[in-house]
Protein chains: 2
Amino acid sequence: MTSYKEKKVISIGIVSELTGLSLRKIRYYEERGLITPERIGNGGSRRYSFADVETLMKIAEKREEGVQTSEIKKELVKERNQKQVRNQMIRGQINAHFNIRK
Amino acid sequence: MTSYKEKKVISIGIVSELTGLSLRKIRYYEERGLITPERIGNGGSRRYSFADVETLMKIAEKREEGVQTSEIKKELVKERNQKQVRNQMIRGQINAHFNIRK
DNA sequence: CGTGTAAGGAATTCTGACACG
DNA sequence: CGTGTAAGGAATTCTGACACG
């Protein structure tokens with residue numbers, strides 16, 4: 001079900017290498033609610049997915065354009081909702097196809 | 001090009017959680033040449049891909065069946081070669097299709 | 001051969017805070 | 001608001017070795 005892209009397995013150091021963002025920035029964007037890594041172990045170290053890495057790249061672009069984190073957050077939430085809707089429509093089609101009346 | 005599945009980004013602790021194998025075992029299978037994580041940083045810590053994780057799961061099964069690491073290694077090498085051949089055949093087909101004579 | 005474990009050191013990550021702007 | 005940095009501590013990872021079998 002959960003694909004490799006969504007699986008939270010990457011530590012913050014690697015994410016930093018992958019995105020070119022500082023640890024501080026990555027943690028700050030989490031604090032602002034733009035990303036939600038998983039917490040693991042006693043120390044509570046963060047684990048990110050490739051999807052998170054992609055999101056961070058988008059965030060980096062927006063920030064370079066001067067967009068504030070609060071704005072970026074709104075955009076990200078909107079995108080997530082749209083994805084939601086798309087998935088629900090697809091599920092609806094599938095249901096309609098297989099059991100028109102249950 | 002390199003998909004998420006092949007990208008070496010997972011630390012050994014996470015791999016251990018994902019596979020249920022001890023750190024010792026994971027390192028040992030590397031020593032025997034069954035897997036080849038990437039080394040990063042000064043400390044030279046290991047980074048694995050999801051593909052490595054899958055390979056480790058296969059290895060775990062074989063080991064439970066009592067197969068020795070030397071045998072498992074042969075099997076893995078064979079599988080890799082077969083993949084190689086398949087890919088080359090596909091490339092051949094594509095080439096044949098697009099430029100029969102160059 | 002395959003795996004566990006204790007050992008000492010190095011690198012990673014965490015949090016809360018002060019700084020600048 | 002967004003980011004850097006020094007600070008102290010905790011958890012992770014590394015290697016080489018001894019142990020058992």
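Labels below follow one simple rule: chain letters A, B, ... track the order of the sequence lines, proteins then strands, and each chain is numbered from 1.
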* Asked: When you check the gap from the basic side-chain N to the acidic O, do B:E75 and B:K78 get nearer than 4.0 Å?
  -> no
* Is the backbone N or O of B:G44 less than 3.5 Å from a side-chain atom of B:R39, with the two atoms forming a donor-acceptor pair by type? ->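 Indeed, once roles are kept as given, a pair shorter than 3.5 Å links the two residues.
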* Check whether any side-chain N or O of A:T55 sits under 3.5 Å from a backbone N or O of A:A51 as a donor-acceptor pair, and report yes or no. =>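 Such a contact is found between A:T55 side chain and A:A51 backbone.
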Rounded off to whole Å, could you give me the [atom1]-to-[atom2] distance for the [X] and [N] pair?
X: B:R46; N: D:dT12; atom1: CZ; atom2: C1'; value: 13 Å
X: A:L34; N: D:dG2; atom1: CG; atom2: C1'; value: 12 Å
X: A:E30; N: C:dT13; atom1: CD; atom2: C1'; value: 12 Å
X: A:I59; N: D:dT3; atom1: CD1; atom2: C1'; value: 15 Å

* **Side chain to side chain, B:R47 and B:P37, heavy atoms closer than 4.5 Å** => no
* **Closest-nucleotide 5' rank along DNA chain C - winner of A:L23 and B:L23** => B:L23
* To do: Within residues 60-77 of chain A, find the residues that approach DNA chain C with a heavy atom at under 4.0 Å, and present them sorted by residue number.
  =>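 Under 4.0 Å from DNA chain C: no residue of residues 60-77 of chain A.
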* With sequence neighbours excluded, give me every ring pair (Phe, Tyr, Trp, His ring centres under 6.0 Å) pair touching residues 47-85 of chain A. => A:F50-B:Y4
* Mind listing the closest non-hydrogen atom pair of A:S49 and A:I10 along with its distance? => C-CD1, 4.1 Å
* Structure fact -> Scanning both residues in full, the closest heavy-atom pair of B:L18 with B:M57 reads O-SD, 4.1 Å
* OP1 or OP2 of C:dG2 less than 4.0 angstrom from a side-chain nitrogen or oxygen of B:Y29, does that happen here? -> no
* Counting only side-chain N and O atoms of B:R39, is one of them less than 4.0 Å from OP1 or OP2 of D:dT15? -> yes
* Asked: Measuring from A:M89:CE to A:I94:CD1, what's the distance to the nearest 0.5 Å?
  -> 12.0 Å
* Got a minute to check which stems DNA chain C is part of, using Watson-Crick or G-U wobble pairs under 3.5 Å, three or more consecutive? -> C:2-5 with D:17-20, C:17-20 with D:2-5
* **Interface residues of residues 8-22 of chain B with DNA chain D (non-hydrogen, below 4.0 angstrom)** => B:S11, B:I12, B:G13
* Go through the structure and list residues passing side-chain contact (heavy atoms from CB on, under 4.5 Å) with B:Q93, not counting sequence neighbours. => none
* Among the candidates D:dT3, D:dA17, D:dC14, find the nucleotide nearest to the side-chain atoms of B:R24. => D:dA17
* May I ask you to say what B:R27 touches in the nucleic acid, namely base, sugar-phosphate or nothing, with a heavy-atom cut-off under 4.0 Å? =>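 B:R27: base contact, heavy atoms under 4.0 Å.
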Donor-acceptor contacts under 3.5 Å from residues 24-35 of chain A side chains, at least two apart:
from	atom 1	to	atom 2	distance (Å)
A:E30	OE1	A:R46	NE	2.6

* Taking for each residue the nucleotide of DNA chain D with the nearest heavy atom, is it A:Y28 or B:Y48 whose nucleotide lies nearer the 5' end? ->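 Nearer the 5' end of the strand: A:Y28.
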* Has A:K8 got more than 12 heavy atoms of other residues, nucleotides or ligands less than 6.0 Å from its NZ? ->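 Check passes, neighbour count above 12.
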